[in-house]
Amino acid sequence: MEKKNIKGWLYLLPAALFIGAFLVYPLIDVIIYSFEEGYNSASQTFFGYGFYNFGYVLRDRYFLSALKNTFILVIITVPVSTGLALFISVLLSSIKKLRELFQTIYFLPYVTNTLAVGLVFMILFNKTPYSDGLVNVLVKALGGTAIDFINGPYWAKMLVNCVYTIWIVLPFKILILTSALASVKQDYYKAAQVDGTGRFRIFYKITLPMISPTIFYLVITGFIGAFKAYSDQVALFGVNLNAAGMNTIVGYVYDMLYGDSGGYPSYASAAALILFAIVLTITVINLLVSSKHVFYD
Amino acid sequence: MKVVLQNLTKIYPNRNRRIKKDVVAVSDFTFEIPDGKLVGLLGPSGCGKSTTLNLISGLEKPTSGRIFFGDDDVTDLPPENRGVGLVFQNYALYPHMTVLENIVFPLENLKGKDKLTREQMKAKAYNAAKLVQIDELMDRRPSELSGGQQQRVAIARALVKTPRVLLLDEPLSNLDARLRLQTREEIRRIQRTTGITTVFVTHDQEEAMSISDLIIVMKNGVVNQIGRPQEVYDDPVNLFVAKFLGTPPINVFDGEIISGKLHIGGEAVLETPGVKDMPIYAAVRPEGFLPDDAGPLKCSLSRVEVMGRDISVVSTHPAFEGEVIRSIISAENAADISKPEVRFSLKPAKTHLFNRDDEKRIYFSI
Ligand SMILES: Nc1ncnc2c1ncn2[C@@H]1O[C@H](COP(=O)(O)OP(=O)(O)OP(=O)(O)O)[C@@H](O)[C@H]1O
Ligand SMILES: [Mg+2]
């Protein structure tokens, strides 16, 4: 028995070492950093422990703007992208002809490089002295005036930000949802059909509960993913997100570490912990809500 | 409500271009199911039983032919307007709903003048549940029920709208042997109480024989024989039907008719007046063998299996088609059987002759 135990631990050792070195140790370090007040990275000294870093971050207007941006992004993109993906998946699974072609088309963005997609969005939305961008051509055709989506007003930038994020996460959600829809047994639909159930009722009463675990999974991972948004914003608005007013929490953490005004691991750690607390809270709320509405076989 | 099927045909076009042949799932099915009867639709896997049922329910559209419920032509009606109750092989109970919610579900779909109040729905659901004796389980989820209980819920759900026709697709195949026996009696009882015309699909001939008023034997989409179970068993029209019904199965020998006598393995074993000389198949029911020391059919004994009241004699014969001959004889005659050679004479009513070419029955006067 004893021997077996040792053997088991030995097998776990390589993985445990890696996890310890690259996950557990940094995590503990982050927590310690966040409580170290007045840390100086040059001399590697600090004054003492306390909550000052959190207070600083929470009063920093760059952090507050990043927090606001992230929340707007999360609140808009998670429901919209999940709903849209569900809508498209239902349509996809109700057509027979060309289904595979459409499935491939919808999946393409997933295997396309983020920066390439960012470039395409620039072409679509960017307004330069030489061209208005494709979207503006449309806006003008509809009788509006051209808007600078990339360097213009806040709401215009946020719109591009949201559309882009939704576009990026859509393929994966469609992929998952179409397979979830396909796994619902046909017999349920046949039984419902014989009983004269309307289309909407079938969707609401049978399809939705049957795929609710998948939807729940997508919502949770969607929330977590959106809270960690950063690279997409860089692809759209460049590295100086504070100047663009489009920074995110993760962006703020990065700036505090490596940005032009960086070199503050304590502030970065505090911001990271605040993000962690937010994600944890949202996930717990999600779990509580879902236990009522999600059906597991 | 009688159900009339008129030249009903269903052809599935073949999507595979290399094989040009279409699948004829049901071919020219004509029959009138009398009102209030329980009909067993019987046949081997893939013979078109489910397709026939789906045609009656309206889930599939026939390629040609018509379907009438009573005098109404329902061929072009969608399933919900036909008034059928359908029970699936795996029950298809909605797993996220309780038993009550499952049974009420069809009623909630009613619109317009048929719309019911909550109380009416609940009352109807409880009536249906009482009929199948599950009214104690109304708050459970399907996953918390045994197979037999789930099956009853499925029947209750099919019955709650008082359908004109009840259709059951292999309703017992997911149950264990004991529960199957119980449940088939249950289905018989429910059918008798409600008097609803019922079509019941199965590939288990014993099941069909035991509870049906009429059985329909199908093969490759073609109806081979329709009749009361005993009639079909006693009087099969072809070798397929003879082989398909009965446990243990019928024993098929290579035989020949020579001057009005059936010869098996060179011996004349039975008078078959009126049949012209030709090679034939001779099929003998297990109960058609009479142990007889002077009997003309000489078999080599393999073993004797005692099954209580009856015994089963297992033997072989050179002209026999299959592996071993199984004959059932009453236990009193068991003492005689111990020698390596066992001799039988054949009961004429239990011996059927079939043409070698088309396997159709050849009748002889007894
Ligand atoms: N949608 C379909 N497309 C093409 N062929 C089909 C389709 N459905 C059934 N078939 C074919 O029609 C024939 C009859 O099928 P059916 O399901 O009615 O058989 P069954 O008698 O119910 O068999 P089982 O006892 O195995 O359920 C089979 O050869 C089957 O392959
Ligand atoms: Mg079937």
Side-chain angles (χ1 to χ4, degrees), chain A residues 86 89-90 93-103 176-177 179-220 286-297, chain B residues 15 50 53-61 77-98 101-112 114-115 141-144 153-170 174:
Chain A
L86 185 60
S89 312
V90 170
S93 39
S94 63
I95 58 168
K96 288 211 182 71
K97 271 189 203 160
L98 301 178
R99 168 134 126 231
E100 269 121 40
L101 176 72
F102 278 113
Q103 259 168 355
I176 300 288
L177 282 171
S179 62
L181 286 170
S183 69
V184 179
K185 280 203 218 91
Q186 282 303 311
D187 280 355
Y188 295 125
Y189 295 128
K190 286 190 189 165
Q193 202 191 340
V194 171
D195 292 337
T197 320
R199 276 182 74 129
F200 185 74
R201 197 168 131 83
I202 289 181
F203 179 74
Y204 190 72
K205 284 289 211 176
I206 298 170
T207 311
L208 219 45
M210 294 298 216
I211 61 169
S212 58
T214 304
I215 295 177
F216 175 62
Y217 161 79
L218 288 179
V219 168
I220 289 248
N286 260 322
L287 280 171
L288 290 178
V289 173
S290 74
S291 65
K292 267 204 206 100
H293 299 288
V294 173
F295 169 77
Y296 292 99
D297 236 330
Chain B
R15 255 171 273 132
S50 299
L53 213 65
N54 288 341
L55 289 172
I56 301 176
S57 71
L59 285 172
E60 299 271 5
K61 289 258 163 291
L77 285 184
E80 63 265 29
N81 298 344
R82 292 192 181 193
V84 294
L86 187 54
V87 176
F88 291 85
Q89 181 169 344
N90 51 12
Y91 317 138
L93 296 175
Y94 308 123
H96 53 288
M97 300 183 197
T98 63
E101 285 165 343
N102 263 287
I103 301 177
V104 162
F105 193 82
L107 297 175
E108 289 170 341
N109 293 327
L110 295 173
K111 286 191 208 80
D114 300 328
K115 213 171 157 76
R141 289 269 171 86
S143 58
E144 298 159 355
V153 177
I155 295 180
R157 187 176 66 179
L159 285 176
V160 74
K161 260 162 89 176
T162 41
R164 304 197 278 178
V165 179
L166 181 62
L167 306 168
L168 306 142
D169 193 352
E170 311 225 10
N174 280 0

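Every chain is numbered from 1, with letters handed out A, B, ... down the list of sequences.
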(request) Identify which part of B:Arg141 has an atom lying under 4.5 Å from any heavy atom of chain A, answering side chain, backbone, both or neither. (result) side chain

(request) Under 4.5 Å heavy-atom distance to chain A, tell me which part of B:Phe88 shows up: side chain, backbone, both or neither. (result) side chain

(request) Mind ranking B:His96, B:Glu101, B:Glu80 by heavy-atom pairs under 4.5 Å with chain A and telling me who comes out on top? (result) B:His96

(request) Search all heavy atoms of B:Pro95 against all heavy atoms of A:Met210 and return the closest pair with its distance. (result) CD-CE, 3.4 Å

(message) Quick check on B:Tyr91 against chain A: is it the side chain, the backbone, both or neither that has a heavy atom closer than 4.5 Å?
(response) neither

(request) Can you see which heavy atom on B:Gly85 is nearest to which on B:Pro163, and at what distance? (result) N-CB, 3.3 Å

(message) Looking only at heavy atoms and a cut-off of under 4.5 Å, which of A:Lys205, A:Gln186, A:Arg201 has the most pairs with chain B?
(response) A:Arg201

(request) For residues B:Ala158 and B:Val87, report the shortest heavy-atom separation together with the two atoms involved. (result) CB-CG2, 3.8 Å

(message) Check this for me: A:Phe203, atom CZ, are more than 12 non-hydrogen atoms of other residues, nucleotides or ligands nearer than 6.0 Å?
(response) yes

(request) Check whether B:Leu110 gets within reach of chain A through its side chain, its backbone, both or neither, counting any heavy atom under 4.5 Å. (result) neither

(message) With chain A as the partner, which of B:Leu86, B:Leu93, B:Leu59, B:Asn90 has the greatest number of non-hydrogen pairs under 4.5 Å?
(response) B:Leu59

(request) Determine yes or no for a side-chain-to-main-chain donor-acceptor pair under 3.5 angstrom, with B:Asn102 supplying the side chain and B:Met97 the backbone. (result) yes

Using atom types as modelled, flag every donor-acceptor pair under 3.5 Å from a side chain in residues 189-197 of chain A to any protein atom, sequence neighbours excluded.
residue  : atom : partner  : partner atom : Å
A:Tyr189 : OH   : A:Thr207 : OG1          : 3.1
A:Thr197 : OG1  : A:Ala192 : O            : 2.7
A:Thr197 : OG1  : B:Asn109 : ND2          : 2.9

